[in-house]
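These notes are about the structure you will find just below.
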Amino acid sequence: MSLHLEHLNPEQLDAVTLPDGHALVLAGAGSGKTRVLTTRIAWLIQSGRVTPGGVLAVTFTNKAAREMVTRLTAMLPVNPRGLWIGTFHGLANRLLRAHHQEAGLPREFQILDTQDQLSVVKRLSKALNIDEDRFAPRDLQRFINGQKEEGLRASDVPAGDEVTRKQVEFFAAYDKQCQREGVADFAELLLRSFELLKRNEILRQHYQARFRYILVDEFQDTNRLQYRWLKLFAGAETRLFAVGDDDQSIYGFRGANVGNLAEFEKEYSKGKVVRLEQNYRSQGNILDAANALISNNTQRLGKNLWTSAGQGDPLRVFEGESDADEARFIAEEVSALVRGEGGARMRLSDIAVLYRSNAQSRVLEHALFGAAIAYRVYGGLRFFERAEVKHALAYLRLIANPSDDNSFLRAANFPPRGIGARSVEQLQDAATRNGVSLFNAVEPKSKAGNFKKLVEELQIETKDLPLPEMVEHVIHRSGLIEHYKNEREGADRVENLEELVNAVAAFGQDDRNPEPEEEITPLVAFLSHAALEAGDHQAADGQDALQMMTVHSAKGLEFNAVFMSGLEEGLFPHEQSVMQKDGLEEERRLAYVAITRARQRLYLSFAQTRMLHGQTRYSLASRFLEEIPEGLKKWLTPRFARQQRAMSFESAGRKQSQADRNADNKDTYFPKKEAASSFSRNRDTSGFRIGQNVQHAKFGAGVIVDAEGDAGDARVQVNFGKQGVKWLAVAVAKLQAA
DNA sequence: CGTAGAAACTTTTTT
DNA sequence: AGTTTCTACG
């Protein structure tokens with residue numbers, strides 16, 4: 001048979017062929033997790049336990065979902081369109097499309113991505129005269145998403161204080177607005193489909209009876225709502241199979257709850273846990289480094305990866321004078337690897353450069369470009385997020401759903417048609433007054449009226465066109481192409497618009513996309529796709545290229561050689577994260593993910609100075625670097641270089657102008673650890689320092705994020721996570737080190 | 001209303 | 001540094 005069960009190790013085989021019952025699989029990095037998951041689905045189908053239609057498989061990224069479908073269809077002759085394999089959001093969308101009426105949504109409802117959602121929040125906040133200094137749109141957005149991810153509607157949120165009351169009020173207004181426009185944000189997709197099934201017993205029974213096996217990948221990244229969502233799909237006969245790795249939980253910032261793993265074990269698998277601890281990916285030194293690093297975390301379920309591969313090379317460590325220096329090193333080393341120096345030749349696509357934040361890619365790109373190395377950047381500004389593409393999509397969305405106010409505002413005066421801020425304001429007033437969409441509030445004999453007419457004409461003209469021709473027509477008829485052609489630097493944008501036509505054509509031909517639900521037009525299907533999958537479409541050109549991405553987007557991938565760059569305090573771990581409860585542990589897990597991407601070679605690099613937001617930051621090496629035992633590392637730069645270089649910096653500073661020298665201290669960057677030092681001198685009396693974990697009788701566990709005052713009346717600011725951030729007087733609050 | 005240039009803001013990770 | 005938003009003027 002084509003399942004190749006004989007190639008599995010005993011634990012893997014155990015997981016794949018688990019008899020009836022729920023199960024939790026704790027799968028370490030590189031332990032063959034995806035393989036187990038897909039082989040189990042194939043095994044379930046082949047052994048006649050279930051038909052393809054009875055399987056629900058949930059992954060976290062679109063990439064992972066596609067990978068699973070590809071592998072599965074290679075093992076078994078199944079029609080991929082009949083499979084319910086996808087991301088939580090993708091599947092939720094599929095469900096809502098199929099039952100839009102029961103869910104209270106228009107058939108052509110549109111999906112708001114993060115940007116779109118923020119626009120709605122901003123617009124509404126203006127309309128409601130919200131004081132943006134007290135309630136920043138971003139914070140309101142985060143509040144709404146946070147509540148939805150906990151499964152709460154505005155009416156479910158207890159509003160203890162005035163601030164919360166205001167937020168809840170806004171939350172309610174926001175949902176009402178979205179409903180009026182016929183749009184749904186990411187969290188709404190989940191919550192709405194959850195409520196649908198919860199409320200509608202017939203539907204629930206239908207799906208519970210249908211899905212006999214539910215399999216979930218990356219379970220550690222699920223939030224509370226997603227867990228409840230899964231439980232709702234599981235009927236009495238349904239068997240749940242969850243695969244996860246608590247050490248790779250890196251989405252806490254978006255509401256992921258690692259606790260779901262333990263919860264699942266208690267509720268479902270009842271102690272039945274399969275551990276996959278043999279790593280087939282990395283050589284010994286790399287794995288040892290990962291294990292050593294992660295052992296610094298306290299909140300772990302416990303697991304140690306091992307490999308039967310040899311130790312391999314040591315980890316190569318490079319210290320650069322500057323970010324540009326670091327980038328140059330990476331470019332040179334990549335060239336050397338490709339030439340085959342120091343071992344087997346590598347292809348560019350076997351090599352990855354990873355970084356903590358997207359902003360870091362720029363310097364790297366510059367160096368790679370200079371060295372004529374082909375590269376591909378994943379993430380960052382995605383294709384469907386580019387302004388010109390968003391504009392084109394706005395026209396398409398209006399054709400599908402004219403009530404979409406976001407799209408109306410984006411398209412109405414772009415290209416400019418004399419509909420200025422004034423007219424828009426009047427329109428919005430009229431719309432609010434009559435409780436209708438902007439589109440419906442338009443006066444026929446105005447400039448906006450002409451725009452409305454344009455949209456209506458487009459609706460008619462494109463009605464019977466195939467999707468690619470429709471898009472082609474729209475980008476011309478809207479005037480977008482014309483507009484960008486006349487713009488000085490518009491050539492790229494014209495190209496992207498033409499690329500959009502290709503993307504549409506490719507979408508229609510990709511049979512891994514789920515079967516369109518009845519009555520859903522190809523246009524609506526494509527628009528959902530564009531919102532849910534910001535477009536890693538660039539993979540189309542098969543050119544061999546260096547892979548560049550954030551550590552987050554590298555999860556689940558592996559490479560022969562990995563460059564982990566920017567290992568600096570304040571960057572990795574990120575300074576923002578140190579402020580968050582359990583933030584440092586999450587950063588460490590992120591570093592763990594990065595390390596375990598590498599098969600043979602791992603480079604760790606950092607820079608003494610880095611340009612960030614127009615300022616030079618002076619940084620120290622990341623603590624994570626120190627947490628990796630010296631015996632595993634090989635320094636490519638002398639370890640005492642830092643002091644020497646620091647001295648030469650000082651002498652360089654002498655050449656600065658008088659004014660610069662006076663301002664010198666202003667742009668000197670101190671990592672949090674250092675900034676806390678003046679405070680930590682008071683340790684004897686206060687006993688605490690920034691970044692420290694503490695325990696409070698009432699608020700529970702927290703982390704100190706700021707401090708002020710000295711010995712006698714020292715006060716500390718503590719982030720208690722969900723309990724909020726509080727200033728506490730050290731003398732009064734009985735804080736305990738935790 | 002539209003534009004150019006100035007000022008202000010950003011400042012993590014993503015479905 | 002790069003991007004978005006504001007302001008002044010044609």
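Below, all heavy atoms of this structure are taken into account, side chains as well, without hydrogens, waters or symmetry copies. A, B, ... follow the sequence lines: proteins, then strands. Residue 1 opens every chain. Note that the structure is a prediction, hence the values are computed from the model and not measured.
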With the stacking rule set at 5.5 Å and 30°, tell me whether A/H552 counts as stacking on B/dT13. no

Distance check: side-chain N/O of A/N358 vs OP1/OP2 of B/dT13, anything under 4.0 Å? yes

B/dG2 phosphate, OP1 or OP2, under 4.0 Å from A/N413 side-chain N/O: yes

Under the criterion side-chain hydrogen bond (donor to acceptor under 3.5 Å, both in side chains), which of A/Q248, A/K555, A/Q226 is the partner of A/D221? A/K555

Compare the aromatic ring of A/Y251 with the six-membered base ring of B/dT13 and state whether they stack according to the 5.5 Å and 30° rule. no

Would you name the heavy atoms of A/Y375 and A/E365 that are closest together and state the gap between them? OH-OE1, 3.0 Å

Looking only at side-chain atoms of A/S357, point me to the closest of C/dA1, B/dT15, B/dT12. B/dT12

Under 4.0 angstrom between A/K122 side-chain N/O and C/dT5 OP1 or OP2: yes

Looking for any heavy atom pair under 4.0 Å, which part of the strands does A/T114 touch: base, sugar-phosphate only, or nothing? base

On the nucleotide B/dT14, are OP1 or OP2 found under 4.0 Å from the side-chain N or O atoms that A/S553 carries? yes

Give one of base, sugar-phosphate or nothing for A/D113, where a contact means two heavy atoms less than 4.0 Å apart. nothing

Sugar-phosphate only, base, or nothing, as touched by A/A421 at under 4.0 Å among non-hydrogen atoms: sugar-phosphate

For the student: nearest non-hydrogen atoms of A/N496 and A/F383, plus distance: O-CZ, 3.5 Å

Go through the N and O atoms of the side chain of A/T550 and the base of B/dT12, and report whether any donor-acceptor pair is under 3.5 Å. no

Does a side-chain N or O from A/N223 land closer than 4.0 Å to OP1 or OP2 of B/dT15, or not? no

Looking for any heavy atom pair under 4.0 Å, which part of the strands does A/F88 touch: base, sugar-phosphate only, or nothing? nothing

Sugar-phosphate only, base, or nothing, as touched by A/R610 at under 4.0 Å among non-hydrogen atoms: nothing

For A/I250 against A/H552, the heavy-atom pair lying closest together: O-NE2, 3.1 Å

Among B/dG2, B/dT12, C/dG2, which is the nearest nucleotide to the side chain of A/Q576? B/dT12

Would you tell me if any nitrogen or oxygen in the side chain of A/R142 comes within less than 4.0 Å of OP1 or OP2 on B/dT12? no

